[in-house]
Amino acid sequence: MPGAPPTSPAPFSVADTLELPGVECAAPAPATATFGRRPDEVPTARRFIREALDGHPSSFDAELLTCELVTNAVQHASDAGWVTVAVMRRDAVVHVNVIDNGRSGLQHWREATGQDEGGRGFQLVNEIAQRWGFLRERAGTCVWFELAPED
């Protein structure tokens with residue numbers, strides 16, 4: 001049975017914080033929201049991104065890619081109970097994590113043809129995001145992407 005959502009914004013850590021005397025390196029806190037792993041929650045996740053990035057030049061692309069990744073979690077993380085979306089702005093760069101607590105149904109790249117109804121999510125992420133990737137751990141999966149408006 002899927003567990004409750006974590007109390008922290010994400011169950012994953014990339015690196016520990018190194019504290020140096022006299023050096024301030026504070027990252028802005030991400031806006032987070034947790035949704036049930038249900039198709040009717042996808043538009044709610046999209047609205048969350050729209051509101052969190054109100055007026056940001058990458059808002060539309062972030063909405064689109066978040067919608068694709070939340071849909072992937074709904075379709076493929078069959079044993080997950082929730083999906084958490086975390087969005088952080090650092091100057092012009094937007095970073096979004098889409099996290100689920102599933103342990104099965106690892107998403108994978110597919111080459112979709114014109115006749116396919118699905119399989120384009122990662123293709124869109126790959127075309128639009130400047131950087132993206134995923135982490136798979138025992139606690140679940142985090143797919144992330146970064147966007148920066150073009151100069």
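Sequential numbering from 1 along the given sequence is applied to the chain's residues.
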Main-chain N/O of A77 paired to R37 side chain as donor or acceptor, under 3.5 Å: yes

For the pair E41 (side chain) and G36 (backbone), establish whether a donor and an acceptor sit closer than 3.5 Å, ignoring hydrogens and angles. yes

Counting heavy atoms not belonging to D91, are there more than 12 under 6.0 Å from its CG? no

Please examine the side chains of [Y] and [X], heavy atoms only from C-beta on, and report whether any two atoms are closer than 4.5 Å.
| X | Y | value |
| --- | --- | --- |
| H56 | V94 | yes |
| R46 | R50 | yes |
| V85 | F48 | yes |
| T66 | V87 | no |

Identified side-chain contact (heavy atoms from CB on, under 4.5 Å) counterpart of L147 within the set P57, S59, S58: S58

Result for side-chain contact (heavy atoms from CB on, under 4.5 Å) between L69 and one of W132, F134, F145, W144 points to F145

Between [atom1] of [X] and [atom2] of [Y], what distance do you get to the nearest 0.5 Å?
| X | Y | atom1 | atom2 | answer |
| --- | --- | --- | --- | --- |
| H95 | Q130 | NE2 | CD | 13.0 Å |
| R89 | D54 | CZ | CG | 8.0 Å |
| T71 | H76 | OG1 | NE2 | 9.5 Å |

Audit row: I128, L65, side-chain contact (heavy atoms from CB on, under 4.5 Å) steps and yes/no: CA-CA 8 Å; I128 296 172; L65 299 185; 3.9 Å; yes

For [X] against [Y], the heavy-atom pair lying closest together:
| X | Y | value |
| --- | --- | --- |
| P43 | D40 | CD-O, 3.6 Å |
| D79 | G102 | OD1-CA, 3.2 Å |
| G81 | N101 | N-OD1, 2.9 Å |

